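Below you'll find the structure, written out as structure tokens, and then a few comments.
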Amino acid sequence: MRSDANDLLLFNRVAEEGSFTKAAERLELPASTLSRRIASLEQQLGEPLFTRTTRKMTITPFGLALLRHTQQMAAELGAIEALIEHRHALPSGKLRVSLPGDFTQDLISQFLAEFIEAYPEINVEIDVSQRRVDLIAEGVDLALRIGTLADEATLAARLLGYFELGLYAAPSYLRGAPAIAEPQDLLQHHLLRLHSDSGPLELFTAQQHWRGELVTKTLANSPNILVNLALRGVGITRIAAHSARHYVESGRLVRLLPEWQSKKRPVWIVFPSTRLMPSRTRVFIDSLVRSFERLS
């Protein structure tokens, strides 16, 4: 008996989600229906695909072997859907985007507002997390990543630009703190920093290089929190220069040691390396590239 291709795709979703409940929610199916379809598939195949207990579900060795083939099926189906979508003049559908927790929220919010207005038929679903998502397994279309990329054969990436980092503090903090005339003076201060900004602080001029381990007072995964703490005189923070620009212009923050530069951090847009990209994904990438070009 031939297996139903749709049931094979349902199995693929359950395996990748690791849960019948999560898969049913993503597929917008009753969990009982999904369970019945998988049970029917197992009966047709003559092999169990999952081992279930009240606490845990694990995929069987046969299920793992089958999964490799169903993943190819799902990828081919996605390519067909992308081909069909290319025939539509106006990009539409759901676009799932992952943003890192340390991404500058005001920058991306401005871009998203412009994008949503320009493409009203695209429904943007945004997930902000410090966790590095698995785009293929979790069905995410795009992810913004900062810093060095891992070598992932299933993904493609496009460099958007670089973030210049600077050290900032409020005048109220500086009035009661030791003076900062050179990098060595920073060792007398506490730093408010991002989780992703770990390790010694390194600063450069054209002829000089300074490296030091500052005391970290607070760690956060959001630059907005660090900015707000710095504005209240809690300490010194290192954030992207464009995030602090309007605070500097209004006098609420002061850039410290502006002649010394931190190593710039690359910003990437990452996406599955399929041969045919849905138009909604393509216009998002192109729009984001243009946004970063204006920023630079």
Side-chain angles (χ1 to χ4, degrees), residues 99-114 126-131 144-148 160-267 291-292 294-296:
L99 300 179
D102 58 353
F103 196 76
T104 306
Q105 301 301 316
D106 55 351
L107 172 66
I108 195 64
S109 295
Q110 177 62 34
F111 162 74
L112 287 171
E114 295 171 359
I126 301 164
D127 176 67
V128 179
S129 172
Q130 197 65 18
R131 179 179 64 89
L144 267 70
R145 292 181 177 167
I146 303 173
T148 304
L160 295 173
Y162 293 86
F163 278 172
E164 176 191 352
L165 300 176
L167 293 164
Y168 298 89
S172 60
Y173 172 82
L174 296 173
R175 280 194 295 269
I180 302 173
E182 57 184 62
Q184 192 69 17
D185 297 332
L186 293 168
L187 298 177
Q188 303 177 66
H189 296 263
H190 291 170
L191 190 63
L192 316 170
R193 69 196 310 174
L194 293 166
H195 282 286
S196 59
D197 188 23
S198 59
L201 177 65
E202 295 191 71
L203 298 172
F204 305 84
T205 66
Q207 293 81 29
Q208 296 174 281
H209 172 214
W210 181 86
R211 176 186 174 99
E213 190 74 60
L214 273 66
V215 176
T216 298
K217 188 178 184 67
T218 301
L219 278 171
N221 66 356
S222 165
N224 290 338
I225 291 175
L226 299 182
V227 168
N228 286 324
L229 289 173
L231 287 169
R232 287 162 174 77
V234 174
I236 297 170
T237 190
R238 184 166 74 151
I239 53 174
H242 56 78
S243 296
R245 185 174 299 131
H246 67 281
Y247 295 113
V248 172
E249 291 171 353
S250 66
R252 298 182 66 194
L253 287 179
V254 176
R255 181 159 184 176
L256 309 175
L257 305 173
E259 68 279 11
W260 289 84
Q261 303 295 318
S262 295
K263 185 178 180 180
K264 293 184 178 181
R265 303 178 70 195
V267 185
S291 178
F292 268 77
R294 291 197 304 268
L295 182 67
S296 59

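Quick caveat, the model's predicted, so the values are computed rather than measured.
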Would you list the pairs meeting side-chain hydrogen bond (donor to acceptor under 3.5 Å, both in side chains) in which at least one residue belongs to residues 247-257, sequence neighbours left out?
E164-R255

Show your reasoning for whether side-chain contact (heavy atoms from CB on, under 4.5 Å) applies to I108 and I126.
CA-CA 11 Å; I108 195 64; I126 301 164; over 6 Å; no

Rounded to the nearest 0.5 angstrom, the CD1-CG distance for I239 and L194 is 8.5 Å

Which pairs pass salt bridge (Lys or Arg N to Asp or Glu O under 4.0 Å) with one or both residues in residues 202-222, sequence neighbours excluded?
E202-R211

Please name all residues satisfying side chain to side chain contact (heavy atoms under 4.5 Å, CB included) with N228, sequence neighbours left out, ordered by chain then number.
L231, R232

Test your reading of the model: is there a side-chain donor-acceptor pair from Q261 to the backbone of P258, 3.5 Å cut-off?
yes

Calculate, to the nearest 0.5 Å, the distance between atoms CD1 and OH belonging to I236 and Y173 respectively.
4.5 Å

Under the criterion side-chain contact (heavy atoms from CB on, under 4.5 Å), I'd like the reasoning laid out for L167 against L203: C-alpha separation, chi angles, the key distance, then a yes or no.
CA-CA 10 Å; L167 293 164; L203 298 172; 4.2 Å; yes

Judged by atom type as modelled, is there a donor-acceptor pair below 3.5 Å linking the side chain of T237 to the main-chain atoms of V227?
no

Taking H190 for the side chain and V234 for the main chain, is one N or O donor matched with an acceptor at less than 3.5 Å?
no

To the nearest 0.5 Å, tell me how far R265 CZ sits from L165 CG.
6.0 Å

Residues which pass side chain to side chain contact (heavy atoms under 4.5 Å, CB included) with L174, listed by chain and number, not counting sequence neighbours
A169, I180, V254, L256

Holding to side chain to side chain contact (heavy atoms under 4.5 Å, CB included), I want the full list of residues that pass it with Q184, two or more places apart in sequence or in another chain.
E182, L187, W210

side-chain hydrogen bond (donor to acceptor under 3.5 Å, both in side chains) partners for R238, two or more places apart:
D197, S262

